[in-house]
Amino acid sequence: MPGPDHAYTLNPEALRAALERRRRDHLYRRRRVVEGPQGVEPTVDGRRVLAFCSNDYLGLASHPQVIAAWQRGAAEYGVGSAASHLISGHSRAHYMLEEELADWLGRPRALLYSTGYMANLGVLSALLGPGDTVVEDRLDHASLIDAGRLSGAQIRRYAHADVAAARGQLARAREGRVLLATDGVFSMDGDLAPLVELAAACRHERAWLMVDDAHGLGVLGPEGRGTVALQRLGMAQVPVLMGTLGKALGTFGAFVAGDEILIETLIQCSRSYIYTTALPPASAQATRASLGLAREENWRRAHLQSLLARYRSGLRELGLPLADSATPIQPLVLADAQRVLHCSAGLWERGILVPAIRPPSVPRGQARLRVTLSALHQEHQVDRLLEALGEICAPV
Ligand SMILES: *Cc1c(COP(=O)(O)O)cnc(C)c1O
């Protein structure tokens, strides 16, 4: 979207000025370099730190069985898939993973995409076009917002988790197809979409409901089947379920699960599915291994819940603001970008990595530390974070 920088004509001086402004506003971002495997004590910029920032909620990204499956997959299939799914890139490994994802979620079919971002682009632009409407929560993930734009449909957004507002937007869409798209677990807030009520509103307005459950799958519900299963809904209420493989499942890629007609429509019409190289088969093999662990090892979810309770009660004792979140995403909203940077830097000095999340990833005035917990954390590590937060971020 054209921002204030748009007034400059495109030249290096204008770009430099825009970067400078970013720096001045405490919005400049830089990347840290990680050595070695993912885990709760990675080596970052040459220092071993205690990290509360990854989306590897179940601790599967470096699991020996998952690594071994990837290695065997590379030996069996080679490294690249060498073509798109519709040409010659659709391996037995992809096929089996799709079957297993469908079985996990109790849906007839699943379709792999190379990333979650591409899955969202591909779904909305296959199902909607000019004259149609997509209704979205204000805090939907950027990929869903971009997907709405790319589709050419009219985008109608509603205040976060506000079912009455969503109903109003649905009712305003008079003609064409209507789809409501929402995150299952909101990525920067950790709260759940009110899916039961949204599903009722969609049924009433004859709209489709799509849930992006990137942060719920693996973590919530029986066998980690996510936000939809947790709220006891199924395909009748949520015909389009999108999930990613790079978060709780610890690998890479994404998928859509639904009925036969939906999946065949996506295979035929979804441009970000058709015109891209299939993800590496070895990655699919690794995901098959991590999916098995995610389904079976309930202790990972149980341990996460107990860490969560410990963290939240500690935060309450410190008088720091508690997020309305029962998921491993526990944002500490401190409002002002400068204060958030100060806290993040203070934690870093104590060997703790918690990223500062600033606009435009979150709305202005809602800058935060985004703390995420993993099943690999131990209680004493959570206590260490709490102690540091108490020293650095305690209310003034
Ligand atoms: C991470 C994420 C995506 C994008 O998935 P990638 O596989 O990383 O491209 C989409 N939606 C939500 C809600 C996410 O958190």
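When a ligand or atom number is given, it counts from 1 through the structure's own listing order.
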Visitor: Got the closest protein heavy atom to atom 8 (O) of ligand 1, with its distance?
Guide: Lys247 NZ, 4.3 Å
Visitor: On a heavy-atom basis, I'd like to know which of Ser143, Ala254, Ala119 is closest to atom 10 (C) of ligand 1.
Guide: Ser143
Visitor: Given Tyr113, which of Phe255, Tyr275, Tyr273 fulfils the ring pair (Phe, Tyr, Trp, His ring centres under 6.0 Å) condition?
Guide: Tyr273
Visitor: Looking at every heavy atom in both Pro321 and Val333, which two are closest together, and how far apart are they?
Guide: CG-O, 3.6 Å
Visitor: Just need the protein heavy atom nearest to atom 4 (C) of ligand 1, so name the residue and atom and give the distance.
Guide: Tyr117 N, 3.6 Å
Visitor: Is it true that, when you exclude Arg92 itself, more than 12 heavy atoms of the residues, nucleotides or ligands shown sit nearer than 6.0 Å to its CZ?
Guide: no
Visitor: What residue and atom, counting heavy atoms only, is the protein's closest point to atom 5 (O) of ligand 1, and at what distance?
Guide: Gly116 CA, 3.3 Å
Visitor: Do Arg22's NZ or CZ and the ring of Tyr28 fall within the cation-pi criteria of under 6.0 Å and 45°?
Guide: no
Visitor: I need the contact type for Thr115 against ligand 1. Using non-hydrogen atoms and a strict under-4.0 Å cut-off, is it side chain, backbone, both or neither?
Guide: both
Visitor: How close does the nearest protein non-hydrogen atom get to atom 11 (N) of ligand 1, and which residue and atom is it?
Guide: Asp212 OD2, 2.5 Å
Visitor: Please indicate whether any nitrogen or oxygen in His215 is less than 3.5 Å from any nitrogen or oxygen in ligand 1.
Guide: yes
Visitor: Can you confirm if the aromatic rings of His160 and Phe186 lie within a centre distance of less than 6.0 Å?
Guide: yes
Visitor: For Gln378 and His380, test the side chains for any donor-to-acceptor distance below 3.5 angstrom and give the result as yes or no.
Guide: yes
